[in-house]
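Only one structure is covered here, and it is reproduced in the block below.
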Amino acid sequence: MEILSILRNKVISAVELLEKQKILPSDLNKSLITIEKPKDESFGELSTNVSMVLAKDARIKPRDLAIKIVDILKKDEIISSAEIAGPGFINFRIYKKFWFKLIKQILEDGEKFGFTNIGDNKTVNIEFVSANPTGPLHVGHTRGAIFGDVLANLLESVGFIVTREYYINDAGTQIDSLARSAHSRYQEALGKNYSETENEYPGDYLKKVGQRLKDEFEETLSSIDDNSNLEKIKEYTVKIMIDEIKKDLLALGVVMDSFVFESSLYKNGKVQEAIDHLSRLGLIYRGVLEKPKGSEASDWVEREQDLFKSTLFGDDIDRPIKKIDGSWTYFAPDIAYHYDKIKRNFDEIIDIFGADHSGYTARMKAIVKALSEGKKELKIKLCQLVKLYKNGKPVKMSKRAGTYITLGDLLDEVGKDSIRFLFLMRKNDAPLDFDFSKAIDQTKDNPVFYVQYANARIFSILKRAKSLKIIVNDKTLFSTNLNKLSTDSEVSIIRKLAEWPNVIFFSVSRYEPHRVAFYLYELAQLFHSLQSLGKIDHTMKFIVEDDVQLTYARLALIRSIQIVIVSGLKILGVKPIDEML
RNA sequence: GGGCACGUAGCUCAGUUGGAUAGAGCGACGGACUUCUAAUCCGUAGGUCGGGGGUUCGAAUCCUCCCGUGCUCACCA
């Protein structure tokens, strides 16, 4: 167990002792007790809010409670000082040798350090990207892809069994339009009349499809008077689009475990089945929706339709499941799809949406609650939109004109690792301004190189140590004597390393992968700072030639930094590099 | 007009789910290399946390009302 948890347990035991002695009422809620690193290190190395959190329930003043707790903890073997400050904080200092234990633990655990078994083999389904197969992925999808993938990595790393899933909308009118557009390009490839105006998907990417249709089928599908030809074109086009999407995702480092086709839900009767289930639960009725307030829907007509009682589950209005012509609405297959997820019996179901689908979340949560009869809760994370800039100027994108920046474009210009890291330097629900020119620049404003560079520097130091006949494998470093680590900067970076398990815990429990990226940046910052001390004062170099023991101790320190950086980068799906080129 | 987000330094953003004197990067200004990689470091300047009110020991964080921005709004997907 790492030091923050150890200290927290000690604090809790102290409270329990006071409970036993009847000084405090029993059964106080201790879940809010935290151990944190104070912002200002002059306060102490670690602090706890215990006395403020318990004061109210215990009916005692925070500072009075703090005095009692401090009396107990002062005797503890790892605590060198415990002081009360401010409204009732208890600030601790820890004996150095207990900080050194942390380094030993990192060297022993390796890249597993910090990852506890939170998941306990619980299963999780994360659905993300799920872009319509009508064109290549663009920057918006990219953000969702990275967010979902890294969240999946995180969950896996703490013992969840994760299914990364992509839901393919391969049915409906959009896909019919796609097929007609592909047919136009097919005609074009065959040298027949091509009409730009009738083409709903005019992007160049369909030219390739047209050519491939020609290569594959020659002229046999040219006439679409026969509907079965259009069906074949549709099938073929969707397949190509999906292959392209998979290829782009792979280049971004994202591999899905599972694809679910909307069309299969119709074919297998799963849509009807899900709706029937809702009916049995009494949640479907014939009704008339009110005209939306203030909406400018001028063509609004009052109509009776089949509605799902989503208001019972926290939605604003009940939602139609059938259109006027009797066909299903877009919502219906989604009901079936989530019913299917429920029946596959995942412990957790997570959907990742783009912000443009935020209006959809209430009904999706409602449907999962309804279909599972309250047993499952759908978790939805929203990714805000991405605005692209180039040299500080916004890049205009138009789907109609076919001038939008695709994931492929991004990968060509920026590269996978930069994209992933930069996209993760924003919280998911904050809008992301992404400047192309800055991302390409490898020297400034680019945190991924900053972190990579820290790793590369450590690699280079260890390499040099080896050349000096110093043994730098983890086993040797593990058994080295660390007592020579004595400066504030050194101990301060160990304290930072001690936060890593906390960072993982919060990233997982709140589904916030960006915390990992920020943490790695901060850790790299401390490392760079530490290294630069050696420039002014040569005794602060990591390798001090006339002090073997100090050298070993410092190598153990930087090696443990490297372990954390590398394992963090792996979570982000960014490849650590040993040498900057 | 309704719903959901968001509003923190000149710019881009963090802020451990209510804690101490609100942080970082960029930009600006001033410094540091016969290097274990200067792709780096150190320092200075910069704030009414959009505004008002409320909740309490304590608010950037929670509640409420305004102001502003984005997304969205039956029968599209």
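What's counted below: heavy atoms across the whole structure, side chains too, no hydrogens, waters or symmetry copies. Labels below follow one simple rule: chain letters A, B, ... track the order of the sequence lines, proteins then strands, and each chain is numbered from 1.
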Sort out the partner of [N] for me: Watson-Crick or G-U wobble, both distances under 3.5 Å, none otherwise.
N      : answer
B:rA5  : B:rU69
B:rA45 : none
B:rA20 : none

Under 4.0 Å between a side-chain N/O of [X] and OP1 or OP2 of [N], yes or no?
X        : N      : result
A:Ser358 : B:rG3  : no
A:Gln525 : B:rG25 : yes
A:Lys323 : B:rC76 : yes
A:His538 : B:rC33 : no

For the residue pair A:Trp500 and A:Tyr519, categorise the inter-ring angle as parallel (less than 30°), tilted (30 to 60°) or perpendicular (more than 60°). parallel

Specify whether A:Phe331 and A:Tyr360 have parallel, tilted or perpendicular ring planes, treating 30° as the upper limit for parallel and 60° as the lower limit for perpendicular. perpendicular

Looking at every strand, decide which applies to [X] at a 4.0 Å heavy-atom threshold: base, sugar-phosphate, or nothing.
X        : result
A:Ala355 : sugar-phosphate
A:Gln452 : nothing
A:Asn132 : sugar-phosphate
A:Arg510 : base
A:Gln531 : base
A:Lys427 : sugar-phosphate
A:Ile543 : base
A:Leu385 : sugar-phosphate
A:Tyr521 : sugar-phosphate
A:Asp325 : nothing
A:Asn502 : nothing
A:His514 : sugar-phosphate
A:Pro87  : base
A:Ala465 : nothing

Between A:Lys535 and A:Glu522, which has a closest nucleotide on RNA chain B that is more 5'? A:Glu522

First of A:Pro38 and A:Arg426 reached from the 5' end of RNA chain B, by closest nucleotide: A:Arg426

With a 3.5 Å cut-off and just heavy-atom distances, do the side chain of [X] and the base of [N] make a donor-acceptor pair?
X        : N      : value
A:Asn91  : B:rA20 : yes
A:Arg303 : B:rC75 : yes
A:Ser47  : B:rA20 : yes

Which of these, A:Leu424, A:Val448, A:Val451, A:Val566, sits in a side-chain contact (heavy atoms from CB on, under 4.5 Å) with A:Leu520? A:Val451

Among B:rC36, B:rU16, B:rA74, the one nearest A:Arg515 by side-chain distance: B:rU16

If I take atom CD1 in residue A:Ile536 and atom P in nucleotide B:rU40, what distance separates them, rounded to the nearest angstrom? 16 Å

Does the side-chain ring of A:Tyr450 sit on the six-membered ring of the B:rA39 base, less than 5.5 Å centre to centre and under 30° in tilt? no

Taking side chain as C-beta onward, heavy atoms only, is A:Lys37 less than 4.5 Å from A:Arg495? yes

Can you confirm whether the side chains of [X] and [Y] place a donor and an acceptor under 3.5 Å from each other?
X        : Y        : answer
A:Thr134 : A:Asn132 : no
A:Tyr266 : A:Glu262 : yes
A:Asn169 : A:Gln174 : no

